[in-house]
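Below is one structure, written out as structure tokens, with a few remarks after it.
Here is how names work: the chains are called A, B, and so on, in the same order as the sequence lines, proteins then strands, and each is numbered from 1.
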Number of protein chains: 2
Amino acid sequence: MDEIDHKLLRALQRNSRCPIKSMSQEVSLSSPAVSARIERLERQGIIRGYTLDVDPLQLGHHILAYINLDMTPNEKPKFIPFIASVPNVIECNCVTGAYSMLIKVSYPSTQELDSFIGQLQQFGKTETQIVFSSPVPPRGIAL
Amino acid sequence: MDEIDHKLLRALQRNSRCPIKSMSQEVSLSSPAVSARIERLERQGIIRGYTLDVDPLQLGHHILAYINLDMTPNEKPKFIPFIASVPNVIECNCVTGAYSMLIKVSYPSTQELDSFIGQLQQFGKTETQIVFSSPVPPRGIAL
DNA sequence: GATGAAACAGCCGAGCT
DNA sequence: AGCTCGGCTGTTTCATC
């Protein structure tokens, strides 16, 4: 992990479809050298995957929300498979504080969101925060 | 936006470096046809970009946290440029509920996180939730 | 949207430092 | 050992139907 690897990660973070050749001239190396570095980063698990940034609104997902869930620890074995199976769940984190879980979801409308929260309440108390706007839209970690 | 577009989006969401040719045989279309569809999705803004999924831990970012911030509306003009300029901020959302902002950050250690929260407190009261684990790791929206 | 040709990028070898 | 340079294969793109 030297400065060149960092540059390659930054380039791929900006545009993961970026051709190897254009990266190679950015870092003043040959294409095979860059190719080998990227394969190494993939093997090491530093690069976990190449993904897509889509506009949820244009796909009919108008509601983005965070749901806090307070749950007793022995509910967890039932909860985890359930939450992982819901496609609208974007993230689910165990967190410190008054609530045990913080869940990020996206739904077409508040109606579907409400129905999901109804299902969640069998596991514990919930508190929902609906997103109005995102001054800093989701982005990658600092490299 | 027909079923074929959805398949292409799903393929790119799994692996955005996926070659056009392999997608074209998945949807039983020619390469130029797939290429044209993807260009259209980019122009329409449905595809916002191609990005990278990296492992924060392997890059030394051990602490992931959500910070709730309670702020009076007239602080906002000062707050937005500040928050956007902090590279460790992964997301910043205006939300409903007791707190006005929900901020996601990643830091090497709790020390740097604490220092950031110190800066935040000039804008209002904060409440921090540190992430222990992610039963559902961040993923794209359902397509 | 499909086909065929041309340009281009990515991959694998050999030779070099 | 790792990098660079070569040729070869496969992919993307453009013009045409």
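- With respect to B:E91 and A:K104, a salt bridge is recorded, a charged nitrogen being found less than 4.0 Å from a carboxylate O.
- Side-chain N or O atoms of A:D2 include one that pairs as donor or acceptor with a backbone N or O of A:D5 at under 3.5 Å.
- The two residues A:Y99 and A:L69 come nearest to each other via the heavy atoms CD2-C, 3.7 Å.
- The cluster map of Ile, Leu, Val, Met, Phe, Trp and Tyr, joined by side-chain heavy atoms under 4.5 Å apart, puts A:Y50 and A:V34 in the same cluster.
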The contact string for nucleotides 2-16 of chain C, one letter per nucleotide 5' to 3', using protein heavy atoms under 4.0 Å with B, S and - for base, sugar-phosphate only and none, comes out as BB-----SSSB----
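- Rounded to an integer number of Å, the gap from CD of B:E26 to P of D:dT11 is 14 Å.
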Please step through side chain to side chain contact (heavy atoms under 4.5 Å, CB included) for the pair B:F79 and B:M101, ending with a clear verdict.
CA-CA 10 Å; B:F79 173 74; B:M101 289 284 170; 3.9 Å; yes
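- Close to C:dG1, at under 4.0 Å from its OP1 or OP2, lies a side-chain N or O of B:R37.
- Ring-plane geometry between B:F116 and B:Y107 is classed as tilted, the angle between the planes lying from 30 to 60 degrees on a 0 to 90 degree scale.
- For the pair A:Q25 CD and D:dC5 C1', the computed distance is 16 Å after rounding to whole Å.
- Residue pairs that meet the side chain to side chain donor-acceptor pair (under 3.5 Å) test with at least one member in residues 53-62 of chain B, sequence neighbours left out, are A:R48-B:D53.
- Of all the residues in residues 3-15 of chain B, not one reaches under 4.0 Å from DNA chain C with any non-hydrogen atom.
- Hydrophobic clustering of Ile, Leu, Val, Met, Phe, Trp and Tyr side chains at less than 4.5 Å, counting indirect connections, unites A:I46 with A:M23.
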